[in-house]
There are 2 protein chains.
Amino acid sequence: MFHAVRKLGHMPALPVEESEHRSGPLLDHLARRMRLRSESVLAPLGLRPRHLVALTVLRESGGISQQALAGTLQIDGTNVVGLLNDLEAESLVERRRSPEDRRRHVVSLTTAGAKRLREAECALAGVEDEVLGALEPAERDTLYELLRRATSGRQVICAEESGDEPDASC
Amino acid sequence: MFHAVRKLGHMPALPVEESEHRSGPLLDHLARRMRLRSESVLAPLGLRPRHLVALTVLRESGGISQQALAGTLQIDGTNVVGLLNDLEAESLVERRRSPEDRRRHVVSLTTAGAKRLREAECALAGVEDEVLGALEPAERDTLYELLRRATSGRQVICAEESGDEPDASC
DNA sequence: ACGGATCGTTTGTGTAACGCCAACCATTTA
DNA sequence: TAAATGGTTGGCGTTACACAAACGATCCGT
């Protein structure tokens, strides 16, 4: 009879007790609700939710290469091309060759793009009121601020350098 | 008695100036990052992000009809069937006929489902650390709480009864 | 009791948003 | 001069849906 050798080196490390609940699924859920309603509101402006994400990122980061944009958006480079084609076709975005490295395109918002983005944000006010109805104005501001900081943070190039496996924590 | 009028005279209505920035796109952006990384972590558990959203909703709301679930998740009824089939196939979820209305199925988490959900949340700790790296623990808690309240709030059956058009606000 | 609605289910069709591969050009770098 | 790199195009495959039609079981109003 093998006494089950409970190899639980009972980590003394963990200082706080894990709240255990992850915001991932909630984020997913809320984003979906918002996105669905946004679509109809955005349609008259000729934009789709994904475009809005891209425009928002571009506003925040002045001018970046398409590669960097792909990294930030976490979508494949070839898809960035199509996305930017959409936006450039409406002059919301501009591709300039980088002077230092002329292979690169520096993508940036045009004034028309910034304007359209503001219009879209304005049009989304109602949607946000619906979806975030359970939160008070101050809380919505807090939420916005947290999201802004979370998204503008470094994008963790990927887990290449961290040789450690993240498992086994719980 | 006329002095009171003074206050109303000049439309003091808007107390704060609109921040104008919408959290929709940020929500989308952050949710995508989280979802992408979650997929690989969730795969060994036989779950996909959408399943996790469903399980989370089910945990929160005890037992609900599939219709209600479709409403909360905002996905088509036929797709709910498939989603629940996935979950029921692994005994994570249970469909019982409602006693009051035997057409209805009352869907609820099984104990195995609750356990698997906890495991998944545990497995997602690392992902959350990566994606929300820019936020401090206390802020992550705040974020979680805001998301929880926002998602658990009434789902605004849809804008049918509100006769007003939401436009023209800006 | 009958006919019409409702809940869940199956099947089938369509679409949008991707990822991935391969080829290509212009450019930079070794 | 030979790679490597950034962007572009085209094509193929997948996933996650929506939407419609038809069906069985059940409820409900007259």
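Naming convention: chains lettered A, B, ... in sequence-line order (proteins, then strands); numbering from 1 in each chain.
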Proximal nucleotide (of C:dA22, C:dC7, C:dT11) relative to the B:Thr78 side chain: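 Given the options C:dA22, C:dC7, C:dT11, the side chain of B:Thr78 is closest to C:dT11.
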Listed nucleotide nearest any side-chain atom of B:Arg102, set D:dC27, D:dT9, C:dT6: D:dC27
Heavy-atom side-chain contact between B:Arg22 and A:Thr56 under 4.5 Å: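 When only atoms from C-beta onward are counted, A:Thr56 and B:Arg22 do not touch, as no gap falls below 4.5 Å.
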Heavy-atom pair of closest approach, residues [X] and [Y]:
X	Y	result
A:Ala120	A:Leu52	CB-CD1, 3.9 Å
A:Gly62	A:Ser108	O-CB, 3.5 Å
A:Leu73	A:Val57	CD1-CG2, 3.6 Å

Closest-nucleotide ordering on DNA chain C, the 5'-leading residue of A:Pro49 and B:Arg97: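 The residue mapped nearer the 5' terminus is B:Arg97.
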Between [X] and [N], is there a contact of a side-chain N or O with OP1 or OP2 at under 4.0 Å?
X	N	result
B:Arg48	D:dA16	yes
B:Asn85	C:dT9	no
B:Arg95	C:dT9	yes

Which whole-number value in Å describes the distance from [X] [atom1] to [N] [atom2]?
X	N	atom1	atom2	answer
B:Ile75	C:dT9	CD1	P	13 Å
A:Arg50	D:dC17	CZ	P	16 Å
B:Ile64	C:dC7	CD1	P	14 Å
B:Asn79	C:dG12	CG	P	16 Å
A:Asp76	D:dG10	CG	P	16 Å
B:Leu83	D:dA18	CG	C1'	15 Å
A:Arg35	C:dA17	CZ	C1'	10 Å
B:Gln66	C:dT10	CD	P	10 Å

Sugar-phosphate only, base, or nothing, as touched by B:Ser65 at under 4.0 Å among non-hydrogen atoms: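 Sugar-phosphate, no base atom in range.
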Touch class at under 4.0 angstrom, heavy-atom based, for A:Asp101 against every strand present: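 It contacts sugar-phosphate atoms only.
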Side chain A:Arg103 and base D:dT5 donor-acceptor under 3.5 Å: yes
Donor-acceptor contact present, side-chain A:Arg33 to main-chain B:Gln74, <3.5 Å: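 Checking the backbone N and O of B:Gln74 against the side chain of A:Arg33, no donor-acceptor pair under 3.5 Å is found.
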Nearest-nucleotide comparison on DNA chain D, the residue closer to the 5′ end among A:Arg32 and A:Leu84: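 Its nearest nucleotide lies further toward 5', so the answer is A:Leu84.
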